[in-house]
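Encoded as structure tokens, the structure appears first; notes follow it.
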Amino acid sequence: MTTDKTVTAPDGYVQPELDVRALTEVLDGEYAEIRDLVRTNLVTYASVLEEADGLGTDAYRERVRELVVEMAATGQTGMGFPKRYGGGGDVGASIAAFETAAFGDLSVLVKTGVQFGLFGGAILHLGTERHHDAYLPDLITGKLMGCFAMTETGHGSNVQALGTVARYDDAAQEFVITTEGDQARKDYIGNAARHGELAVVFAQLEVGGKSEGVHAFVVPIRSGGEVVPGVDIEDDGRKMGLNGVDNGRIRFDGVRVPRDALLNRFADVTPEGIYKSTIDNPDRRFFTMLGTLVQGRVSVGGAGVNAAKVALAVATKYALRRRQFAAGSQEEEQLLLDYGLHQRRLLPLVARTYALHFAQDVVRTQLHDVFSGVEDDPQARRRLEARAAGTKALGTWHATRTIQECREACGGAGYLAVNRFAALKADSDIFTTFEGDNHVLLQLVAKGLLTDYASEFEDLDQLGMVRYVTNLAVETVIEKTSAHKLLERVRDLLPGGDEWDQEAGLLDSEYQLAMVRYREEHMLAGVARRLKAGIDRKRDAGAVFSEVQDHVIAVAHAHIERLVLEAFVEKTRTLPEGGNKVALGLLCDLFALSTIEADRAWFMEHGRLTVQRSKAITREVNDLCRKVRPLAGGLVDAWGIPSAMLRAPDLVG
């Protein structure tokens, strides 16, 4: 399948031919087979999109549970588990399957994530063989449903301060799990209100009266469908969205579990009550434990990008059908996508979606390599954690922004529940918050940048990070960012000498990369200077960090945008010559220049953009939109979203 025939414009520009099937193969990559399985399942169970609107909450929850179990039987949901337990033994494939499932009902997606990603992932990565043998076979089939009880009412992002306590009773060789007050109540826990039989409970471990920090325990919460004694479960009730997921609150009143209920990959307690761990430093132990759960962030980031694809596919197809107002002397009204403003609204979002797709490919590969043992360098794991955090933040914010813009671009029809936007908006909104609040995640990104992923990385809270950075000579941090060396590199690459940013071609990818790299490195050096200046004045480290928090978030955001652009440029360069490479080159330019344009105030304030240059970038973005417009239908078709998932009869026909 291709788009319109080749067209040559008066200025000599030749419109590329797009091979949609080949572009889908590029996007699906090495995981085409599992993605196609998921697409088949989505079509098979497409009726859930209507059922979500028509069923009551209880019936919808039951339907979602049924679908999760039925999809598990196809192998779709178990790809990340070892083959010996019935899984697929492929971490990367499990992420690809989850991403693709985001084309469908998001309650089914999140229920899948809770069961196989969070609950199953905790058993797999925090437990040892005794836990794997006991739980994984039934967990993988969905016969054993469970939940991931980490978040508490009063302790959301601050996991290290959880209030639930697990005290070891050496006489009975049992742990006693207790909720210490309402703030320690486990809250918003998926699978808790109705279906979960077990919970992986994160609690402060106390042995012999001494606290050993947060650890995870397997705790029964139901038996034969009935809540067990000592456990109190309350339904969270209806939410903004995802009402097919049974979120609930859990309290524990002296619930006893055997000693082997402790998920003991990183620490254990002997029968006599002696605590042992292969990681001596408690902070490092905690962050190592949490680091094994990074898979959830990678999954949610990819799901956000794919939810945005659904919205853009609907809005773009609508804009290629819907006519509004006669243009000039023409009697026929003009297609929406022929209007420059409509192109401006949708096409940079299409470009950013492609960019984030290729950035997701990179982080998924890193995750696969780290978790498969291909890459076992501790710094590689820390880089993965930071990159996953940042990619998740940008991907989920992009979903929220894109779905809203697409809804507006479809006018009143977009507001009808039958046309999918209501569910997309309501169900994806929480993506910016769960698996880590996006602003907190960007602070994790900045922490890695400021400490260069040093061996102390896991040990540092925010105040520790401030002290670490300021105890370095700040010049060392600035030298590491090498803004002046960047300029030297750019001068070697581009024409213009000291005026490189004014003379280089706007469509030169080296110029685009140089601009976003300069922004990141300048911001990073600035944060380091501000931190050191505050400490040099003997000010409290917490107050100093609080004052520069906006700067910290900005540098993290700039860092991830740079990584996203690098991923897009690199992917485009690897493609064979032809129409698809030209088309992706247009999108890559559109993403890069619209990113610079969006932050033009910063670039102008720091002398990297003249007024004339800024105006030229805007003209170029508009021109790129005009060039991408004839390709738009093919570009959204290449995502391979089953037509049944668009479910917008008034919009796409």
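These figures come from a predicted structure and were not determined experimentally.
Partners of Asp650 under the side chain to side chain donor-acceptor pair (under 3.5 Å) rule, at least two apart in sequence or in another chain, do not exist in this structure. In terms of the side chain to side chain donor-acceptor pair (under 3.5 Å) criterion, residue partners of His155 (sequence neighbours excluded) are, by chain and number, Glu152.
Applying the side chain to side chain contact (heavy atoms under 4.5 Å, CB included) test between Arg21 and each of Leu23, Asp19, Thr24, Leu18 identifies Asp19 as the sole match. Between Thr396 and the choices Thr391, Thr433, Asn438, Asp429, the side chain to side chain donor-acceptor pair (under 3.5 Å) rule is met once, by Asn438.
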Legend entry - Working for side-chain contact (heavy atoms from CB on, under 4.5 Å), residues Asn306 and Trp639: CA-CA 9 Å; Asn306 274 15; Trp639 291 329; over 6 Å; no
Inset, instruction - Check the pair Thr141 / Val69 against side-chain contact (heavy atoms from CB on, under 4.5 Å), numbers first and verdict last. - result: CA-CA 7 Å; Thr141 64; Val69 173; over 6 Å; no
Inset, instruction - Check step by step if side-chain contact (heavy atoms from CB on, under 4.5 Å) holds for Arg573 and Val569. - result: CA-CA 6 Å; Arg573 287 173 176 170; Val569 169; 3.4 Å; yes
Inset, instruction - Apply salt bridge (Lys or Arg N to Asp or Glu O under 4.0 Å) to the pair Asp369 and Arg381, showing each step before the final yes or no. - result: CA-CA 10 Å; Asp369 290 349; Arg381 181 177 287 271; over 6 Å; no
Inset, instruction - Evaluate the criterion side-chain contact (heavy atoms from CB on, under 4.5 Å) for residue pair Thr100 and Tyr31; output intermediate values, then yes/no. - result: CA-CA 10 Å; Thr100 311; Tyr31 298 114; over 6 Å; no
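Checked by atom type and distance alone, the side chain of Ser94 never pairs as donor or acceptor with a backbone atom of Met79 at under 3.5 Å. Between the Asn191 side chain and the Cys147 main chain, no donor and acceptor come within less than 3.5 Å of each other. When atom types are taken as modelled, the side chain of Arg39 and the backbone of Gly640 share a donor-acceptor pair closer than 3.5 angstrom. In terms of modelled atom types and a separation under 3.5 Å, the side chain of Gln115 and the main chain of Ile140 share no donor-acceptor contact. Not a single donor-acceptor pair under 3.5 Å links the side chain of Arg344 to the backbone N or O of Pro348. In this structure, Glu99 contributes its side chain and Gly302 its backbone to no donor-acceptor pair below 3.5 Å. Side chain of Ser594 to main chain of Phe591: a donor-acceptor pair is present (N/O by atom type, distance under 3.5 Å, no hydrogens or angles). Counting only distance, with no hydrogens or angles, the side chain of Lys392 and the backbone of Phe431 share a donor-acceptor pair below 3.5 Å. The backbone N or O of Leu144 lies less than 3.5 Å from no partner atom in the side chain of Asp138, so there is not a single donor-acceptor pair. With hydrogens and angles ignored, the 3.5 Å screen pairs a side-chain donor or acceptor of His132 with a backbone N or O of Leu124.
Heavy-atom minimum distance, His368 versus Gly92: ND1-N, 2.9 Å. Counting all heavy atoms, side chain and backbone alike, Lys111 lies closest to Val68 at CG-CG2, 3.6 Å. The two atoms that bring Gln76 and Ala97 nearest to each other are O-CB, 3.6 Å, heavy atoms only. Shortest non-hydrogen contact noted between Ala409 and Leu346 is CB-CD2, 4.1 Å. Summarising the geometry of Ala388 relative to Val294, their closest heavy-atom pair is CB-CG2, 3.5 Å, with the distance given to 0.1 Å. Here the closest non-hydrogen pair linking Gly633 and Thr316 is N-CG2, 4.5 Å.
Between Glu561 and Val516, the closest side-chain pair of non-hydrogen atoms is not below 4.5 Å. Phe81 is listed as a side-chain neighbour of Leu139, based on a closest heavy-atom distance under 4.5 Å. His398 places a side-chain heavy atom less than 4.5 Å from the side chain of Leu349. Proximity of Val26 to Lys571: side-chain heavy atoms (C-beta onward) are separated by under 4.5 Å at one or more points. Contact of the Phe421 side chain with the Leu651 side chain is registered, since non-hydrogen atoms from C-beta on lie closer than 4.5 Å. In this structure, the side chains of Glu70 and Asn41 stay at 4.5 Å or more apart for every pair of heavy atoms. Contact annotation: the side chain of Leu513 approaches that of Leu565 to within less than 4.5 Å [non-hydrogen atoms, C-beta and beyond]. Within the 4.5 Å cutoff, the side chain of Val564 has no heavy atoms near those of the Phe358 side chain.
Between the CG atom in Asp28 and the CG atom in Asp361 there is a gap of 9.5 Å [rounded to 0.5 Å]. To the nearest 0.5 Å, the span separating SG on Cys406 from CG on Leu312 amounts to 4.0 Å. A distance of 11.5 Å separates CZ of Arg265 from CG of Leu263, quoted to the nearest 0.5 Å. Considering CG of Leu337 and CZ of Arg345, their distance stands at 11.5 Å, rounded to 0.5 Å. Separation of atoms CD1 (Ile123) and CG (Leu118) is listed at 12.0 Å; rounding is to 0.5 Å. A distance of 4.5 Å separates NZ of Lys186 from CG of Leu162, quoted to the nearest 0.5 Å.
For the residue pair Thr153/Asp187, the side-chain donor-acceptor check at 3.5 Å is satisfied. Between the side chains of Tyr60 and Asp246, no donor-acceptor pair is found at a separation under 3.5 Å.
A salt bridge links Arg249 with Asp236: the distance from a Lys NZ or Arg NE/NH1/NH2 to an Asp or Glu carboxylate oxygen falls below 4.0 Å. The existence of a salt bridge linking Arg194 and Asp235 is excluded, since no basic side-chain nitrogen approaches an acidic carboxylate oxygen closer than 4.0 Å. A salt bridge links Glu566 to Arg562: one of the charged nitrogens lies within less than 4.0 Å of a carboxylate oxygen. Using a 4.0 Å cut-off between charged nitrogen and carboxylate oxygen, Arg297 and Glu385 do not count as a salt-bridge pair. Under the 4.0 Å criterion applied to side-chain N and carboxylate O atoms, Asp427 and Lys239 are not assigned as salt-bridge partners. A salt bridge links Glu51 to Arg63: one of the charged nitrogens lies within less than 4.0 Å of a carboxylate oxygen. Under a 4.0 Å N-O distance rule, the pair Asp90/Lys83 does not qualify as a salt bridge. Between Glu62 and Arg65 there is a salt bridge, since at least one side-chain N of the basic residue sits less than 4.0 Å from a carboxylate O of the acidic one.
The cationic group of Arg352 does not satisfy the cation-pi geometry with Phe568, failing either the under 6.0 Å distance to the six-membered ring centre or the 45° limit from the ring axis.
Side-chain rings of Phe148 and Phe202 approach one another, their centers coming within less than 6.0 Å. Taking the six-membered ring for Trp and the full ring otherwise, the centers of Phe116 and Phe119 sit at least 6.0 Å from each other.
The number of heavy atoms from other shown groups lying within 6.0 Å of CZ (Arg321) is above 12.
Taking the six-membered ring for Trp and thresholds of 30 and 60 degrees, Phe371 and His125 have ring planes more than 60 degrees apart, a perpendicular arrangement.
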